[in-house]
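Below is one structure; the comments refer to it alone.
Worth knowing before you read on, the calculation uses all heavy atoms, side chains too, and leaves out hydrogens, waters and symmetry mates.
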Amino acid sequence: MHTKQEISAAFAEALGATVRRRRKEVGVRQDELALTAGVSTRVIHQIENGKPTSRLDSVVPVLDALGLSLVIDDAAQARE
């Protein structure tokens, strides 16, 4: 069984890697993405580096600016 912190860290790392990959695919710098998403460059840096305490009200605009979305999958329901 994984701890809450381990699960959060793994999710944050995966999210950060996805954001970085997509940002590079579309060819924008961190500061350009920050401006488009209405967040600070520091927020982009923290997200891309997998900071597990990144806030949803910062993450969602970044995802939107990159044409990404956050999907919640009810794994418990899928097992039933």
Side-chain angles (χ1 to χ4, degrees):
M1 187 95 185
H2 296 288
T3 67
K4 181 172 73 170
Q5 289 81 12
E6 290 170 334
I7 293 168
S8 294
F11 176 79
E13 287 174 20
L15 177 68
T18 300
V19 167
R20 177 178 282 125
R21 185 191 80 248
R22 180 67 174 159
R23 178 180 60 78
K24 290 183 176 187
E25 285 174 359
V26 298
V28 296
R29 298 184 318 256
Q30 286 183 338
D31 61 319
E32 294 170 325
L33 175 56
L35 184 62
T36 301
V39 299
S40 69
T41 303
R42 182 177 180 178
V43 166
I44 302 298
H45 176 78
Q46 290 172 341
I47 292 169
E48 288 190 359
N49 284 290
K51 183 178 179 190
T53 57
S54 294
R55 294 171 41 139
L56 276 178
D57 63 351
S58 296
V59 171
V60 171
V62 171
L63 295 176
D64 187 55
L66 292 170
L68 298 171
S69 61
L70 183 62
V71 176
I72 305 300
D73 181 18
D74 189 347
Q77 184 180 21
R79 287 191 296 262
E80 292 176 0

**Message:** Under the criterion side chain to side chain contact (heavy atoms under 4.5 Å, CB included), I'd like the reasoning laid out for Thr53 against Gln46: C-alpha separation, chi angles, the key distance, then a yes or no.
**Reply:** CA-CA 9 Å; Thr53 57; Gln46 290 172 341; over 6 Å; no
**Message:** Could you measure the distance from the OG atom of Ser40 to the CD atom of Gln30? Nearest 0.5 Å is fine.
**Reply:** 10.5 Å
**Item:** Approximate separation, where rounding is to 0.5 Å, of His45 NE2 and Arg20 CZ
**Value:** 8.0 Å
**Asked** Out of curiosity, does Ile7 fall in the hydrophobic cluster containing Leu70 (side-chain heavy atoms, cut-off under 4.5 Å, transitive links)?
**Response** no
Scan the side chains in residues 54-68 for donor-acceptor partners under 3.5 Å anywhere in the protein, sequence neighbours excluded, and list what turns up.
from, atom 1, to, atom 2, distance (Å)
Ser54, OG, Lys51, O, 3.1
Arg55, NE, Asp57, OD1, 2.9
Arg55, NH2, Asp57, OD1, 3.4
Arg55, NH2, Asp57, OD2, 2.5

**CA sep, side-chain torsions, deciding dist, call: Leu35, Asp31, side chain to side chain contact (heavy atoms under 4.5 Å, CB included)** = CA-CA 6 Å; Leu35 184 62; Asp31 61 319; over 6 Å; no
**Message:** Using 0.5 Å steps for rounding, measure from the CD atom of Glu32 to the OG1 atom of Thr41.
**Reply:** 10.0 Å
